[in-house]
Amino acid sequence: MNYFEFYHIPESFLPDEKAIKLRYYELSREYHPDFYANEDLGTQQRILELSTLNTNAYRTLSDADLRMQYILKEHGLLEEGGKNEIPGDFLMEMMEINEELMELEFDFDAAKLHEIGEKSTGTMAQLGNDVLPVLQRYPELHGVIKEEALQEVKTYYLKKKYLLRIQETLSKFATRS
């Protein structure tokens, strides 16, 4: 079952976080396995499945990145090992950053590390600012416009994942210095 349907909330990249938490607690009480200990095995199994579904739904919907990934997968837009293409201009920019990081491996420079960190943080912030209006409008969109918005979000998601890997590398450098 779709997590948004299970929680009776509209599909959104920016849902009401309080409503998610409230629904999680309601369903946690309703489907708590201890309340069904004296029921038949079939009922106990069903309640355990619903309890697990509730936990998984909450974990996913309460985390912005997992929620985004979930929505994109629900719409068939994220494929494991598939054609998750990132725009060429962005890849070129990231290639430059990766080359700078490789240079730091051989000739560490704290100022250069800081500069690369600032550049990646700035790019991440710009990506977030650019996609925010799409995320905000998403629940109201339909048809082709909704599909285009999902493609924009997918591109944002893939770029963000790429940048997070770079920031992970930067943090490894920071711990060494």
Side-chain angles (χ1 to χ4, degrees), residues 2-4 7 9-21 55-177:
N2 179 293
Y3 294 160
F4 290 99
Y7 273 25
I9 59 173
E11 182 179 270
S12 174
F13 291 103
L14 304 170
D16 180 347
E17 305 258 344
K18 190 175 177 184
I20 290 171
K21 188 176 274 189
T55 300
N56 292 338
Y58 179 72
R59 281 189 191 133
T60 300
L61 297 181
S62 63
D63 179 283
D65 290 331
L66 290 177
R67 182 173 54 241
M68 185 174 288
Q69 179 184 39
Y70 177 76
I71 292 171
L72 293 171
K73 281 185 176 181
E74 283 291 297
H75 289 275
L77 294 173
L78 285 183
E79 303 169 21
E80 296 298 320
K83 48 187 176 200
N84 293 322
E85 296 178 17
I86 300 174
D89 58 335
F90 179 80
L91 287 175
M92 291 300 290
E93 188 180 336
M94 294 304 105
M95 193 169 81
E96 289 174 21
I97 290 176
N98 279 318
E99 287 173 358
E100 291 172 345
L101 286 171
M102 286 191 316
E103 288 175 19
L104 287 178
E105 282 283 340
F106 301 108
D107 185 21
F108 184 77
D109 178 352
K112 187 68 174 172
L113 177 68
H114 179 74
E115 179 187 321
I116 296 169
E118 291 292 314
K119 190 186 304 183
S120 72
T121 301
T123 302
M124 184 76 85
Q126 187 61 51
L127 286 174
N129 289 339
D130 291 348
V131 80
L132 185 60
V134 176
L135 300 178
Q136 291 170 329
R137 286 193 328 263
Y138 179 77
E140 307 151 14
L141 303 177
H142 303 284
V144 174
I145 294 171
K146 184 174 188 170
E147 291 172 22
E148 289 171 355
L150 283 165
Q151 286 297 331
E152 264 187 77
V153 173
K154 175 185 174 182
T155 300
Y156 163 78
Y157 175 80
L158 295 172
K159 286 179 177 181
K160 182 178 177 185
K161 273 183 64 174
Y162 201 105
L163 275 165
L164 287 172
R165 286 193 299 268
I166 286 176
Q167 290 180 340
E168 194 176 292
T169 302
L170 286 168
S171 68
K172 289 176 187 172
F173 271 111
T175 58
R176 285 194 254 166
S177 59

Is the closest side-chain heavy-atom distance between [X] and [Y] below 4.5 Å?
X: Thr155; Y: Val131; result: no
X: Thr121; Y: Gln167; result: yes
X: Ile116; Y: Leu101; result: yes

Quick one: [atom1] on [X] to [atom2] on [Y], what's the gap to the nearest 0.5 Å?
X: Glu115; Y: Ile97; atom1: CD; atom2: CD1; answer: 10.0 Å
X: Phe4; Y: Ile71; atom1: CZ; atom2: CD1; answer: 4.0 Å
X: Lys161; Y: Met68; atom1: NZ; atom2: CE; answer: 12.5 Å
X: Met94; Y: Asp89; atom1: CE; atom2: CG; answer: 9.5 Å
X: Asn56; Y: Leu61; atom1: CG; atom2: CG; answer: 10.5 Å
X: Leu150; Y: Leu141; atom1: CG; atom2: CG; answer: 8.5 Å

Name all residues meeting the side-chain contact (heavy atoms from CB on, under 4.5 Å) criterion together with [X]; count only those two or more places apart in sequence or in a different chain, and write none if there are none.
X: Glu103; answer: none
X: Met92; answer: Met95
X: Thr60; answer: Tyr3, Leu66, Tyr70
X: Pro133; answer: Arg137

Practice task
Only pairs at least two apart or in different chains count here, so list each ring pair (Phe, Tyr, Trp, His ring centres under 6.0 Å) that has a residue in residues 118-165.
Solution key: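 Checked against ring pair (Phe, Tyr, Trp, His ring centres under 6.0 Å) - neighbours excluded - the pairs reaching residues 118-165 are Phe13-Tyr138.
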
Problem - Contacts of type salt bridge (charged side-chain N to carboxylate O under 4.0 Å, His left out), residue Glu100, not counting sequence neighbours - result: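 Applying salt bridge (charged side-chain N to carboxylate O under 4.0 Å, His left out) to Glu100 gives Lys112, Lys119.
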
Problem - Pairs involving residues 124-134, ordered by first then second residue, that meet side-chain hydrogen bond (donor to acceptor under 3.5 Å, both in side chains) (sequence neighbours left out) - result: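 Every pair satisfying side-chain hydrogen bond (donor to acceptor under 3.5 Å, both in side chains) with a residue in residues 124-134: Gln126-Asp130.
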
Handout entry: Residues in ring pair (Phe, Tyr, Trp, His ring centres under 6.0 Å) contact with Tyr58, at least two apart in sequence or another chain
Key =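 Partners of Tyr58 under the ring pair (Phe, Tyr, Trp, His ring centres under 6.0 Å) test: Tyr24.
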
Practice task
Determine which pairs satisfy salt bridge (Lys or Arg N to Asp or Glu O under 4.0 Å) with at least one residue from residues 139-156, sequence neighbours left out, and list them in order.
Solution key: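 Sorted pair list comes back empty.
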
Problem - Qualifying salt bridge (Lys or Arg N to Asp or Glu O under 4.0 Å) pairs, either residue in residues 61-76, two or more places apart - result: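 Listed once each, the pairs are Glu17-Arg67, Asp65-Lys160, Lys73-Glu80.
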
